[in-house]
Each structure stands twice: as C-alpha cells, then as structure tokens.
Amino acid sequence: MALHLCKSIIFCSSKNPSFRYKSHFSFSFSILFFSTSTKKQAKNALAVSDFLLQKHQLSPETASRVASVLTRMKDPENSDSIISFLKENGFSKSQLERVVKTDPRLLSASLEKTIKPKIKIFQDLGFSANDIVDIISSAPTVLHRSADHRVTPSLSVLKSLFGSSSEVAKVLKRSGWFLINHLEKTMVPNIEIFKSRGVGMEQIIKHIYNFPRFLLHSPNDMNKFVKKVDEMGTCRSSKMFIHAV
C-alpha cells in the first residue's frame, strides 16, 4: 500500500512538475497553521492560568485544570465578577476551587442570568448561607440547570417530603443528584410504588437519607426490582422488603 502510494506520488510529480511545489506549499502551510494555532492556544491557556493564580490566588492545580478546559477567557471581567460574587456569598477558597475545578465553564456563564437566579431560589426558600454554599460546592452543575424546569420543581418536591429547608439541605449535601434528575418522573412515582406495597413513609425517608440515589432509578426498573423481590418470597409487610429491593 505504502509502495503503491509512493509510486503514485513519483508518477504525479514527473508528469506534473508543479505538483511537487504545490504539495510542499500545502504541507508547509499546514505545519505553519498548526504551529501558530498551538502557540495561540498555549498563550490563551497561560493567560487563564495567570488570571486565576495572580488575581484570585487559586492553587496551581486548580488554575491548570481550569486552563486545560477553558483555553480562552472571552470576558475576564465577567469571570472576575463571578469569582468575586461567590466569595461574597461565603464560598471559602477550597469550596471555590472545588466549584471551578468541577465545572470550569461556569467562569464563562452569565452572572446575572445563570448564577444569581439559582442562588436566589435557595435564599427565597429559606436555606441558610452556609447550606447554600455546601450544596453548590457538592454539585456545582446545578448552576447550569434550568431554574423553572429543574431546580425549583426539585426543591419543591424535596421540601414537601422533608418539611424544612434544613432537612432538605442534609439530603442535598449527601447527593446533588436530586437537583439534576426530574424528581417528578423518578422519585415521586417510585415513592408511590413502595407506598402501594405497604411501605411507610418513615422507612422511605430513612432510605433517602442513607441511600440518596436509590429512588432515582426509572420507575420501570423499580417495578422490575420489586417484582423480583416478590418472586423471592419476601413479605411486603416486613421491614426487610425495601432493603431487599
């Protein structure tokens, strides 16, 4: 194959003298373009890293991680405002680093349209400043979720189950998946599946605390699990029923 390709190139160059020139020019241009592009990316990444190191004294590890994903900071002033806003709202240096390392693209988000509205939802529902910081630090991607279609409905479901924002905060600190999933399509119907089998809410709530992602399976899968446990002969009135599932 390689020999055939070489013969073809030699044949073309002998038949068409300009072929050699054009091929050499194209190859040289590609190398030049690639080299220039690579240098530009490296320069942009270095600028991002320096911004985080010098301006906000974040660790070299964090700066390097963010720079590897966010190779270009389109609006440094916006990124600066986002970091400053998070600091003002109680994020410690370690929490801030966790947020930007987990989701570097947050530094390119809109402070007014994306980040502030999510913080306000928690504040309006009575979450303490410390709880808000802890929840977002454990699941930074929540800041990218739709306020109307995901965050608010999920918090409403959780508050109806646990009663207070402080109890909801305990669950969310264990797992931010509750704010990422459609609870109306997963947790709510799964709770009904167990209630219809005679499992009490107290036991269901206990399992949400201890196994946060347990009720986030699809209801179809949960029904299969329950059916399997029924086939095993586990008594539904037994406290071991939900453990068996």
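Model, not experiment: these values are computed from the prediction.
- Under the 3.5 Å distance criterion, the side-chain polar atoms of Thr102 are matched with a main-chain donor or acceptor of Arg98.
- Between Pro117 and Leu111 the shortest heavy-atom distance is CD-O, 4.1 Å.
- Using a 3.5 Å distance cut-off with no hydrogens or angles, the side chains of Thr62 and Ser59 do pair a donor with an acceptor.
- The main-chain N or O of Ile135 is found under 3.5 Å from a side-chain atom of Ser138 such that the two form a donor-acceptor pair.
- Formation of a donor-acceptor pair under 3.5 Å by the Ser156 side chain with backbone atoms of Thr152 is found in this model.
- Looking at Lys93, its side chain does come within 3.5 Å of a backbone N or O of Gln57 through a donor-acceptor pair.
- No donor-acceptor pair closer than 3.5 Å links the side chain of Thr234 to the backbone N or O of Asp230.
- Here the closest non-hydrogen pair linking Asn78 and Ala109 is ND2-O, 2.8 Å.
- Counting all heavy atoms, side chain and backbone alike, Leu53 lies closest to Ala63 at CG-CB, 3.8 Å.
- Nearest heavy-atom pair across Asn181 and Thr186 is CB-OG1, 4.4 Å.
- A side-chain N or O of Asp103 and one of His144 form a donor-acceptor pair less than 3.5 Å apart.
- Between the side chain of Ser196 and the main chain of Ile193, a donor-acceptor pair closer than 3.5 Å is present.
- Of the possible polar contacts, none joining the Ser154 side chain to the Val151 backbone as a donor-acceptor pair under 3.5 Å is found.
- In this structure a side-chain-to-backbone donor-acceptor pair under 3.5 Å is missing from Gln95 to Asp134.
- Of all heavy-atom pairs spanning Leu125 and Lys159, the tightest one is O-NZ, 2.7 Å.
- Of the N and O atoms on the side chains of Ser218 and Asp221, at least one donor lies less than 3.5 Å from an acceptor on the other residue.
- Contact check for Leu179 versus Arg145: no side-chain heavy atoms found under the 4.5 Å cut-off.
- Checked against the 6.0 Å centroid criterion, the rings of Phe194 and His207 do not qualify as a close aromatic pair.
- Side chain of Lys118 to main chain of Leu143: a donor-acceptor pair is present (N/O by atom type, distance under 3.5 Å, no hydrogens or angles).
- At distances below 3.5 Å, at least one donor-acceptor pair connects side-chain atoms of Ser68 with backbone N or O atoms of Arg65.
- Side-chain atoms of Phe178 and Pro212, non-hydrogen and from C-beta on, do get closer than 4.5 Å to each other.
- Closest non-hydrogen pair, Val66 versus Val100, comes out as CG2-O, 3.6 Å.
- Checked against the 6.0 Å centroid threshold, Phe91 and Phe85 do not count as a close aromatic pair.
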